[in-house]
Peer 1: 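First the structure, then my questions, so here it is.
Within every chain, numbering begins at 1; the chains are lettered A, B, ... in the order of the sequence lines, protein sequences first and strands thereafter.
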Amino acid sequence: MLSITLPDQSVLSFEGPVTGAEIAAKIGVGLAKSALAVKVDGKPQDLSAPITRDAAVEIITAKTEDGLKIIRHTCSHVMAEAVQELYPETQVTIGPAIENGFYYDFARATPFTPADLEAIEKRMTEIVDRDEPIVREVKTRDEAVKFFEEKGEKYKVELIKDLPETETISFYRQGNFVDLCRGPHLPSTGKVGKGFKLMKLAGAYWRGDSSREQLQRIYGTAWADKKGLDAYLTQLEEAEKRDHRRIGKEMDLFHFEDVAPGDIFWHPHGWTLFQTLIDYERKRQNDAGYVEINTPQIMDKVLWETSGHWDWYRENMFTTTIEERTYCIKPMNCPGGILVFKQGIKSYRDLPQYIAEFGRVHRYEASGAIHGLFRVRAFTQDDAHIFCTPEQLEDECQKVVRLMLSIYEAFDLKDVSIKLSTRPAERIGSDELWDHTEAALAKALTDMGYKYTLNPGDGAFYGPKLDFKVRDAIGREWQLGTLQVDMNLPERFDVSYIGEDGEKHRPIMLHRALFGSLERFTGIMIENTAGKFPFWLAPLQIVVATITDDGCDYAKEVAAALKKAGLRVETDLRNEKISYKVREHSLKKVPVILAIGKREAADRTVAVRRLGEEKQTVMPLDDAIAEFKKNAARPHIDE
RNA sequence: GCCGGCAUGGCACAGUUGGUAGCGCAGUUGAUUUGUAAUCAUCAGGUCGGGGGUUCAAGUCCCUCUGCCGGCACCA
């Protein structure tokens, strides 16, 4: 007798070994039909696999993530089958399920074309219609190697040879297509359904290694049904509308030129936005006791030899040589910051010191890596270096985390996850010092009640670090802040302070950035808000638009009064219909339009129309100014 | 950097099998003075990313460079 426990805790009994398909059938006809695979004691397996002992069993359907994952994985096999039918000379490699879909990497002398993609998709539909049964087979290692060697599939042979000795080598067969695969899979190709689509072609290195050959990767998306697919495609369109490169153009924020790849030309409104971000952070950290410095853009190579960058970062650095002297355009701010700290003799009474720099750094990023504001070759770091004693470390970490989370919150980024990376195998510094610094970071977080995930061994060679990720309005995660303990640079630059005992001591240095790159953060804010910035951030807050020329003088007066109140305002006095003006400024996502007609001019009022609202509110000018000033309050500063 | 795709007036695009550049929006000028998401007309604007080649003829074909887009690799 065999007891099968279902998720609702009910128990089914069977005489002997039973399959997931049989269990599903016993529960109901509907479930038998929608069953894709089965979870046995939490482990997904084929519907046809026998269950030989008591177990907790859950039938997997397309409604769950597990189900979708299996659909996607099988879909990648269907694609591989289609490809080998159409292009028999193609070798298969790997084809996993990924978020929202799947891919398969193929080896083929001639790359696929977009037209091939259409043909492959068509053939996939046919394979789904054929509803080929998918059968699992187990082979010995030698059989498996022989099988693929005969087929000329050298990548598969390599994969098998690298599998651990203990691993069962399973194959999945559908029609004439056989693939090495751990599974599980759908019972037949028909279960893949109609909810898939091939999305894009890409080159991808074999085993992710850029020194190896490049394969042809085809990406696809797959869902439970056509409806799921359509919903996903719509979601993609929506995300595209948020693309900061597109909004940057629409709102006239910035542009790029061929002469400066990866470097930004900020337009007036974009620069205002950027400056507003910096001003906010500056005010917040000045309030928190930071001082701000600025250090040279170009410094002699010897500095970078001292810091070590010349050894391990040289290929990313821009250099320039003049008077037979080689200089580096700074890729990081820390060495400059240290030189400032080193001025004069520091006492323990001077610590901790918070030295901030909005430093513009240049880094050579590979041409293929450049991407809008997100990945550029010149950007501004919101850097700060904190020099403190080992005893102060924990307290200082807490202060940084508190400030960081409070500032994120001001930008409506409330979903933050924290990662603690600890000592790597290759490192400098004593184990005692690592014990102390790791514990200080961990304790700082737990004392404040913050959860974190541990990344053992992922710290920098010079110290442990905290990384901060935030989730945006449409669920994407961005790595923003970082807090790193550095035991290396103080050593290299021989930084010291005089302790209570009158002796020289080595301070601990913390690197800290809240947003990392402010250019990138600006891009993230554009996408997070879809260009509809909160009023305090909006580069242009108010447009005063006239309805007829009669209102011009008053409109100018209104604009001047708003400007005097510290608001960012422009006028639109053109000889156009008000609806034309409303449309234009709404498309540019200006938060407030003030319409000025005869009535407003006569009564000294304004007709307020807010972005996204159709209703208008007429109010006295002075009241409106007071309200806008309130709206413009910066979180945690003016309110 | 690698694979693939793309590059046409400020923006978004069309240009059939190579025959000598089109539309819309923006801009100009004029009319209209308008009450909340596009008023009408007028005019102007392009060595089709750069260089080279094939051809009687190249935006269309070939080579090459640059940049952009999608991935990969990279992201101290």
Peer 1: Decide if atom NZ of A:Lys69 counts as having more than 12 heavy atoms of other residues, nucleotides or ligands within a radius under 6.0 Å.
Peer 2: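 Not more than 12 within 6.0 Å, no.
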Peer 1: Tell me whether the guanidinium CZ or amine NZ of A:Arg427 lies under 6.0 angstrom from the six-membered ring centre of A:Phe461 and within 45° of its axis.
Peer 2: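 Pair A:Arg427/A:Phe461 does not count as cation-pi.
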Peer 1: Look at the side chain of A:Arg583 and decide which nucleotide, out of B:A38, B:G35, B:C11, has an atom nearest to it.
Peer 2: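 The closest nucleotide is B:A38.
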Peer 1: How long is the line joining CZ of A:Phe374 and P of B:C69, in whole Å?
Peer 2: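 Answer to the nearest Å: 12 Å.
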Peer 1: With sugar-phosphate meaning primed atoms plus P, OP1 and OP2, does A:Glu213 contact a base, only sugar-phosphate, or nothing at under 4.0 Å between heavy atoms?
Peer 2: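 Answer is nothing: A:Glu213 stays at 4.0 Å or more from every strand.
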Peer 1: Over 60° means perpendicular and under 30° means parallel, so classify the ring planes of A:His77 and A:Tyr104, tilted if in between.
Peer 2: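 If you compare the ring of A:Tyr104 with that of A:His77, the planes turn out perpendicular.
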Peer 1: Between B:C72, B:U39, B:G67, which nucleotide gets closest to the side-chain atoms of A:Arg217?
Peer 2: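 Selected nucleotide: B:C72.
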Peer 1: In terms of side-chain heavy atoms of A:Lys249, which of B:C11, B:G71, B:A73 is nearest?
Peer 2: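 For A:Lys249, the side-chain atoms sit closest to B:C11.
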Peer 1: From the set B:A38, B:G35, B:G1, return the single nucleotide nearest to any side-chain atom of A:Ala607.
Peer 2: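 Looking only at side-chain atoms, A:Ala607 lies closest to B:G35.
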Peer 1: Given B:A76, is OP1 or OP2 found less than 4.0 Å from the side-chain N or O atoms of A:Lys465?
Peer 2: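 No, because none of the side-chain N or O atoms of A:Lys465 sits under 4.0 Å from OP1 or OP2 of B:A76.
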Peer 1: Over how many whole Å does the gap from A:Leu117 atom CG to B:G70 atom C1' extend?
Peer 2: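 A:Leu117 atom CG is separated from B:G70 atom C1' by 12 Å.
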Peer 1: Among B:G35, B:G71, B:A73, which nucleotide has an atom closest to any side-chain atom of A:Ile547?
Peer 2: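 Taking heavy atoms from C-beta onward, the closest nucleotide is B:G35.
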Peer 1: Check every strand shown and say whether A:Lys577 touches a base, only sugar-phosphate, or nothing at a heavy-atom separation below 4.0 Å.
Peer 2: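 The answer is base, as A:Lys577 lies within the cut-off (heavy atoms under 4.0 Å) of a base atom.
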Peer 1: Give the rounded distance in Å between these two atoms: CG of A:Leu201 and P of B:G71.
Peer 2: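 Rounding to the nearest Å, CG of A:Leu201 and P of B:G71 are 12 Å apart.
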Peer 1: Between P on B:A12 and CG on A:Asp252, what's the gap in Å once rounded to a whole number?
Peer 2: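 In whole Å, B:A12 P lies 13 Å from A:Asp252 CG.
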Peer 1: Taking atom types as they are modelled, is there a donor-acceptor pair under 3.5 Å from the base of B:A37 to the side chain of A:Arg609?
Peer 2: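 Side chain to base: pair present.
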Peer 1: Classify the nucleic acid contact of A:Arg363 as base, sugar-phosphate or nothing, counting any heavy atom under 4.0 Å across all strands shown.
Peer 2: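 The residue A:Arg363 makes sugar-phosphate contact but no base contact.
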Peer 1: Under 4.0 Å between any heavy atoms, over every strand shown, what does A:Thr548 touch: base, sugar-phosphate, or nothing? Just pick one.
Peer 2: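 Base, at least one base atom sits under 4.0 Å.
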Peer 1: Which label fits A:Trp266 and A:Trp271: parallel for a plane angle under 30°, tilted from 30 to 60°, or perpendicular past 60°?
Peer 2: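 Plane angle between 30° and 60°, so tilted.
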Peer 1: Which value, in whole Å, describes the distance between the P atoms of nucleotides B:G18 and B:U60?
Peer 2: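 So the two P atoms sit 11 Å from each other.
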Peer 1: Does a nitrogen or oxygen in the side chain of A:His371 sit under 4.0 Å from OP1 or OP2 of B:C68?
Peer 2: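 Checking B:C68 against A:His371, no side-chain N or O comes under 4.0 Å of OP1 or OP2.
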Peer 1: Tell me the interatomic distance from A:Met199, atom CE, to B:G4, atom C1', rounded to whole angstroms.
Peer 2: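 Answer to the nearest Å: 16 Å.
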Peer 1: For A:Tyr87, does the six-membered ring have the charged nitrogen or CZ of A:Arg108 within the cation-pi criterion, i.e. under 6.0 angstrom from the centroid and within 45° of the normal?
Peer 2: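 Yes, a cation-pi geometry.
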Peer 1: If you find the nucleotide of RNA chain B closest to A:Arg245 and the one closest to A:Arg377, which residue's nucleotide is nearer the 5' end?
Peer 2: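 In this pair, the answer is A:Arg377.
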Peer 1: What is the base-pairing partner of B:A26, counting Watson-Crick and G-U wobble geometry with both distances under 3.5 Å?
Peer 2: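 Checking every strand shown, B:A26 finds no partner, since no pair has both distances under 3.5 Å.
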Peer 1: Return the value, rounded to whole Å, for the distance between atom CZ of A:Arg520 and atom P of B:C75.
Peer 2: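 Atom-to-atom, A:Arg520 to B:C75, this comes out as 15 Å.
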Peer 1: Heavy atoms only, 4.0 Å cut-off, all strands: where does A:Ala204 land among base, sugar-phosphate and nothing?
Peer 2: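 Sugar-phosphate, backbone atoms only, no base.
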Peer 1: Between A:Asn316 and A:Phe256, just flag the one whose closest nucleotide in RNA chain B comes earlier from the 5' side.
Peer 2: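 Of the two residues, A:Phe256 wins.
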Peer 1: Anything under 30° is parallel, anything over 60° is perpendicular, the rest tilted; go ahead and classify A:His371 against A:Phe374.
Peer 2: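 Geometry flag for A:Phe374 against A:His371: parallel rings.
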Peer 1: Can you find a donor-acceptor N/O pair under 3.5 angstrom joining the side chain of A:Tyr205 to the base of B:G1?
Peer 2: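 When only heavy-atom distances are counted, A:Tyr205 does reach the base of B:G1 through a donor-acceptor pair under 3.5 Å.
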Peer 1: Between B:U20 and B:A58, how far apart are the two P atoms, rounded to whole Å?
Peer 2: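 Those two atoms are separated by 12 Å.
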Peer 1: Measuring to OP1 and OP2 of B:C25, would you say a side-chain N or O of A:Tyr580 lies under 4.0 angstrom away?
Peer 2: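 Indeed not, no polar side-chain atom of A:Tyr580 lies that close.
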Peer 1: Searching all strands shown, indicate the nucleotide that pairs with B:A44 (Watson-Crick or G-U wobble; both distances under 3.5 Å).
Peer 2: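 Answer to the pairing question: none, since B:A44 forms no Watson-Crick or G-U pair.
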Peer 1: For the base of B:G1, is there a side-chain donor-acceptor partner from A:Glu315 under 3.5 Å away?
Peer 2: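 Side chain to base: no pair present.
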Peer 1: Do A:His255 and A:Glu257 get their side chains close enough for a donor-acceptor pair, meaning under 3.5 Å?
Peer 2: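 A donor-acceptor contact under 3.5 Å links the two side chains.
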Peer 1: Is any side-chain nitrogen or oxygen of A:Ser367 closer than 4.0 Å to OP1 or OP2 of B:G1?
Peer 2: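 Looking at the OP1 and OP2 atoms of B:G1, one of them is under 4.0 Å from a side-chain N or O of A:Ser367.
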Peer 1: Given atom CZ of A:Arg599 and atom C1' of B:U36, what is their separation to the nearest angstrom?
Peer 2: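 Computing the A:Arg599:CZ to B:U36:C1' distance gives 11 Å.
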Peer 1: When the P atoms of B:U17 and B:U29 are considered, how many whole Å apart are they?
Peer 2: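 My reading of the P atoms in B:U17 and B:U29 gives 42 Å.
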Peer 1: If I take atom CD in residue A:Glu576 and atom C1' in nucleotide B:A31, what distance separates them, rounded to the nearest angstrom?
Peer 2: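 Nearest whole value for this atom pair: 12 Å.
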Peer 1: Does a distance-only test, which skips hydrogens and angles, find a donor-acceptor pair under 3.5 Å between the side chain of A:Arg375 and the base of B:C74?
Peer 2: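 Indeed there is one.
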Peer 1: Can a donor-acceptor pair under 3.5 Å be found between the side-chain atoms of A:Gln214 and the base atoms of B:C2?
Peer 2: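 For A:Gln214, whose side chain was compared with the base of B:C2, there is a donor-acceptor pair (under 3.5 Å).
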Peer 1: Under 3.5 Å for both donor-acceptor distances, Watson-Crick or wobble: does B:C2 have a partner, and if so which one?
Peer 2: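 When the pairing criteria are applied, B:G71 turns out to be the nucleotide that pairs with B:C2.
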Peer 1: At their closest point, which heavy atom of A:Cys328 faces which heavy atom of A:Thr319, and how far apart are they?
Peer 2: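 So the two residues come closest at SG-CG2, 4.1 Å.
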Peer 1: Pairing check on B:U36: which nucleotide meets the Watson-Crick or G-U wobble criteria with it, both distances under 3.5 Å?
Peer 2: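 Pairing partner: none.
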Peer 1: Checking contacts here: which listed nucleotide (B:A73, B:A76, B:G4) is nearest the side-chain heavy atoms of A:Ala369?
Peer 2: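 Taking heavy atoms from C-beta onward, the closest nucleotide is B:A73.
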Peer 1: Looking only at side-chain atoms of A:Leu587, point me to the closest of B:C2, B:A37, B:C72.
Peer 2: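 Looking only at heavy atoms from C-beta outward on A:Leu587, the closest nucleotide is B:A37.
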Peer 1: With a distance cut-off below 6.0 Å to the six-membered ring centre and an angular limit of 45° from the axis, does A:Arg314 pair with A:Trp304 as a cation-pi contact?
Peer 2: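 No, A:Arg314 and A:Trp304 do not form such a contact.
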Peer 1: Report which part of the nucleic acid A:Phe461 touches: base, sugar-phosphate, or nothing (heavy-atom distance under 4.0 Å, all strands).
Peer 2: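 Base, at least one base atom sits under 4.0 Å.
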Peer 1: Taking atom P in both B:C65 and B:G71, compute the distance separating them and give it to the nearest angstrom.
Peer 2: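 Between the two P atoms, the distance is 25 Å.
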Peer 1: I'd like to know if A:Asp549 reaches the base of B:U33 with its side chain such that a donor and an acceptor end up less than 3.5 angstrom apart.
Peer 2: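 Indeed, a donor on one side and an acceptor on the other fall under 3.5 Å apart.
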